[in-house]
Amino acid sequence: MTDFSGLYYYRAKKNPAPPIHVKADVCIYGGSSAGVAAAVQAARMGMKTALVEFGRHLGGLTSGGLGRTDFGNKAVIGGISREFYREIGRHYGSSEPDGSGWMFEPSAAERIYLDWVERYDIPVYFEQRLDRAELRDGRIVRIVMEDGSTFEAGMFIDATYEGDLMARAGVSYTVGREANSIYRETLNGIHFGSPNHNFKAWVDPYVVPGKPDSGLIAGVQDLEPGRQGDGDSCVQAYNFRICLTNVASNRIPFPEPPGYDPDRFELLLRYINAGVWDAMRLHVMMQRGKTDLNNFGGVSTDHIGGNYAWPDAGYSEREHLFQDHVNYNLGMLYFLANDERVPAWIRGEVRQWGLPADEFPGSANWPHQLYVREARRMVSDFVMTEHHCRHLAVAEDSVGLAAYGMDSHNCRRIVIDGRCINEGNVEISPPGPYPISYRSIIPKGEQCQNLLVPVCLSSSHIAYGSIRMEPVFMVLGQSAATAAGVALARSRAVQEVDYTMLREHLLSDGQILEWKD
């Protein structure tokens, strides 16, 4: 029997240790890749740093299964972010001119992050669940954890994927898709028409095929289509980036997840029976016989519609949603490998794969990090939009570059004319790299003067789809820490940082702030 006891997002502490009280120059809430980069930069600048992490691991998605790096243009990745990929290259041996490596095992990534915090003597406080932020005169004075622990600092950085500190500090944010009309965009809001990750064959959505009165099968939503370009509160789908292996000596057969229900996969079965088998197509071989499995096609690992509550949910509700995503993703693999209704040749193909015995040993060999592609997004005085991605507008106060396509996974799976349709997928490349504004990672001055937000930055849904890549988060994490140091040294609010001075610091630390073809 597989031990799933260590596979969770949140559990209330039993017999917690006495609260701790920490004072620092800068407190970073969130041990994501951005959080680690921020902590390293703060330590290099001589700041007393506290890295406070909700869970039990460092690195977020980078150490949580996303081993096949999404980068758009490798040449725009500088600073600590580039240092990380060079460390990866040294670990495996790289043939690239500067020694960088872009594919890696999750354990290798986490080992680098742990080595960094040890090298720079950065204290890390694991399993610290934020309860509230206490502000005075527009500044965060301290953050208070569920167990009563407190962290005081002159500057705070929210490096979570959800923007939990930002929200508790009273900073304005949004969730979902803006209407195109809000920022005069063309790719935001409800979006039909993408041929990718949609159904390539007619699939009946009803429990009794052809009979709407029988109800909808699992995975299909009873929602009105809406109009192209209208806004809504739907969030692009989450999944796990699943590390698989086909090396027999290291392969664990897919275990049956708790609460497994094969009826959840009726839609996938119907799609297979319609002649399409592509649910596991997007996994590329990496080192040591491992892969990074991502979503592909009409029905795959994306749990469409299963995440809407996540951004604003409390921790207990998120735990329920986390387990639901585990059940869906692991359940899909178990179903494909074992259900006799699945064609034998597909079962045989899936059984060639399994979970690697040497990855994620504390969480049933399953990733500990849910792929929270998008949650809250800050609304500040400056919003990154499609215009910046398309080079129709340029941010003059660059703190890093983005280069990936404007990418949104599907947000809904609905019924139109008696068939299943996925809606929300967008994949449009920008004409080239573009700068990200410093003003997009700081709140409005009247809301908070000592907080920086490098992950849930101020951006429209469609622009965020281009920015939200792990190398960029590390770039922005470093830039946020640099700005925090500049602000502290001059007793300024983050909104009062002199950009010319900040730019000089960033460039001297290897950041790439502009791009010329």
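- Checked against I436 for a side chain to side chain contact (heavy atoms under 4.5 Å, CB included), the options L401, L513, L476, D397 give a single hit: L476.
- Between Y238 and H303, the gap from one ring centroid to the other reaches at least 6.0 Å.
- Defined by atom type and a distance below 3.5 Å, a donor-acceptor pair is present between the side-chain atoms of R373 and N239.
- Counting heavy atoms from C-beta outward, L333 and W353 have side chains that stay 4.5 Å or more apart.
- For R184, the CZ atom sits in a loose shell: 12 or fewer heavy atoms of surrounding residues, nucleotides or ligands are nearer than 6.0 Å.
- At a cut-off of 3.5 Å, with distance as the only test, a side-chain donor of T186 or E386 sits close to an acceptor on the other residue.
- Look at D292 and R241 and you find a salt bridge, because one of the NZ, NE, NH1 or NH2 atoms lies within 4.0 Å of a carboxylate O, short of that distance.
- Looking at Q352, its side chain never comes within 3.5 Å of a backbone N or O of N246 through a donor-acceptor pair.
- Under the 4.5 Å side-chain criterion, counting only non-hydrogen atoms from C-beta, Y161 is in contact with S32.
- Ring to ring, Y434 and H388 are not that close: their centroids are 6.0 angstrom or more apart.
- Aromatic ring pairs are classed by plane angle as parallel below 30°, tilted from 30° to 60° and perpendicular above 60°; the pair Y271 and F199 is perpendicular.
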**Message:** salt bridge (Lys or Arg N to Asp or Glu O under 4.0 Å), that's the test. Do R468 and E374 meet it? Break it down for me.
**Reply:** CA-CA 8 Å; R468 63 173 180 82; E374 184 175 357; 5.5 Å; no
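- Distance alone, capped at 3.5 Å, places no donor-acceptor pair between the S33 side chain and the T62 backbone.
- Using a distance-only test at 3.5 Å, with no hydrogens or angles considered, a donor-acceptor pair links the side chain of E53 to the main chain of G31.
- Looking only at side-chain heavy atoms (C-beta outward), P225 and I414 come within less than 4.5 Å of each other.
- Partner of Y10 under the side chain to side chain donor-acceptor pair (under 3.5 Å) criterion, out of H320, E146, R129: E146 alone.
- Under a 3.5 Å cut-off, the side chain of S363 and the backbone N or O of L7 do not form any donor-acceptor pair.
- Ring geometry for H57 versus H368: interplanar angle under 30°, hence parallel rather than tilted (30 to 60°).
- Side chain of N327 to backbone of P258: a donor-acceptor contact under 3.5 angstrom is found.
- In summary, the side chains of E427 and N196 do present a donor paired with an acceptor at a separation below 3.5 Å, with no hydrogens or angles considered.
- With hydrogens and angles left out, the side-chain atoms of D158 and T160 include a donor and acceptor closer than 3.5 Å.
- Between R413 and E423 there is no salt bridge, since none of the side-chain N atoms of the basic residue sits less than 4.0 Å from a carboxylate O of the acidic one.
- Listed by chain and residue number, Y308 satisfy the side chain to side chain donor-acceptor pair (under 3.5 Å) test with Q221 (two or more places apart in sequence, or in another chain).
- More than 12 heavy atoms of other residues, nucleotides or ligands shown are found within 6.0 angstrom of CD on E446.
- Between the side chain of N73 and the backbone N or O of Y404 there is no donor-acceptor pair closer than 3.5 Å.
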**Request:** Before giving the answer on side-chain hydrogen bond (donor to acceptor under 3.5 Å, both in side chains), spell out for W277 and E349 the whole-Å C-alpha distance, their side-chain angles and the decisive distance to 0.1 Å.
**Result:** CA-CA 11 Å; W277 163 237; E349 178 183 324; 3.3 Å; yes
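- Ring-centre distance between W102 and F71: below the 6.0 Å cut-off.
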**Message:** Using the rule given for side-chain hydrogen bond (donor to acceptor under 3.5 Å, both in side chains), can you reason through E185 versus N180, listing the C-alpha separation, both sets of side-chain angles and the distance that settles it, and then say yes or no?
**Reply:** CA-CA 5 Å; E185 296 174 299; N180 274 327; over 6 Å; no
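- Remark: aromatic rings of Y328 and F265 are close, center separation under 6.0 Å.
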**Asked** Would D204 and R419 count as a salt bridge (Lys or Arg N to Asp or Glu O under 4.0 Å) if you check the C-alpha gap in whole Å, the side-chain angles of each, and the deciding distance to 0.1 Å?
**Response** CA-CA 5 Å; D204 192 296; R419 62 175 289 192; over 6 Å; no
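- Put simply, the side chain of N410 never gets that close to the backbone of R412: no donor and acceptor are under 3.5 Å apart.
- Within the 4.5 Å cutoff, no side-chain heavy atoms of E359 are placed close to those of N365.
- Using a 4.0 Å cut-off between a side-chain N of Lys or Arg and a carboxylate O of Asp or Glu, E178 and R377 qualify as a salt bridge.
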**Asked** Could you go step by step and tell me if F296 and H197 meet the ring pair (Phe, Tyr, Trp, His ring centres under 6.0 Å) rule?
**Response** CA-CA 6 Å; F296 188 92; H197 308 300; 5.4 Å; yes
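- When every heavy atom of P356 is checked against every heavy atom of C243, the shortest pair comes out as CD-O, 3.0 Å.
- A tilted orientation is assigned to the rings of Y85 and F104, their planes being inclined by 30° to 60°.
- Inter-residue side-chain proximity for V475 and V76 is flagged as unmet; no heavy-atom pair is nearer than 4.5 Å.
- Looking at K444 and D381, no side-chain N of the basic residue comes within less than 4.0 Å of a carboxylate O on the acidic one, giving no salt bridge.
- Inter-residue side-chain proximity for S408 and H191 is flagged as unmet; no heavy-atom pair is nearer than 4.5 Å.
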**Request:** Could you please spell out the steps behind the salt bridge (Lys or Arg N to Asp or Glu O under 4.0 Å) verdict for R439 and E396?
**Result:** CA-CA 10 Å; R439 289 165 290 168; E396 302 294 342; over 6 Å; no
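- Ring centroid separation for the pair F54 and Y29 does not come in under the 6.0 Å cut-off.
- In this structure, the side chains of V175 and V235 come closer than 4.5 Å at one or more pairs of heavy atoms.
- Formation of a donor-acceptor pair under 3.5 Å by the T69 side chain with backbone atoms of M103 is not found in this model.
- A salt bridge does not link R168 to D131: none of the charged nitrogens lies less than 4.0 Å from a carboxylate oxygen.
- Considering all non-hydrogen atoms of both residues, D312 and R376 come closest at OD1-NE, 3.1 Å.
- Between D164 and R318 there is a salt bridge, with a side-chain nitrogen of the basic residue lying less than 4.0 Å from a carboxylate oxygen of the acidic one.
- No side-chain donor-acceptor contact under 3.5 Å links E317 and W310.
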**Request:** Please test Q511 against S479 for side-chain hydrogen bond (donor to acceptor under 3.5 Å, both in side chains), starting from the C-alpha separation and ending with a verdict.
**Result:** CA-CA 8 Å; Q511 294 278 49; S479 293; 2.9 Å; yes
**Prompt:** For D230 and R177, what are the C-alpha separation, side-chain angles and deciding distance, and is it a salt bridge (Lys or Arg N to Asp or Glu O under 4.0 Å)?
**Reply:** CA-CA 8 Å; D230 279 359; R177 302 181 285 183; over 6 Å; no
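- Salt-bridge check for R264 with D324: passed, with a basic side-chain N closer than 4.0 Å to an acidic carboxylate O.
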**Request:** Quick one: do L336 and L268 satisfy side chain to side chain contact (heavy atoms under 4.5 Å, CB included)? Show the steps, please.
**Result:** CA-CA 9 Å; L336 289 169; L268 176 56; 3.8 Å; yes
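- Here the side chains of I272 and P343 are in contact, with some heavy-atom distance below 4.5 Å.
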**Asked** Stepwise, does the ring pair (Phe, Tyr, Trp, His ring centres under 6.0 Å) test hold for Y8 with F322?
**Response** CA-CA 7 Å; Y8 61 89; F322 180 91; 8.2 Å; no
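- Cation-pi geometry between R351 and F254 is not met at under 6.0 angstrom from the ring centre and within 45 degrees of the axis.
- Using a distance-only test at 3.5 Å, with no hydrogens or angles considered, a donor-acceptor pair links the side chain of N198 to the main chain of N422.
- A donor-acceptor pair under 3.5 Å is absent between the side-chain atoms of S466 and the main chain of M406, judged by distance alone.
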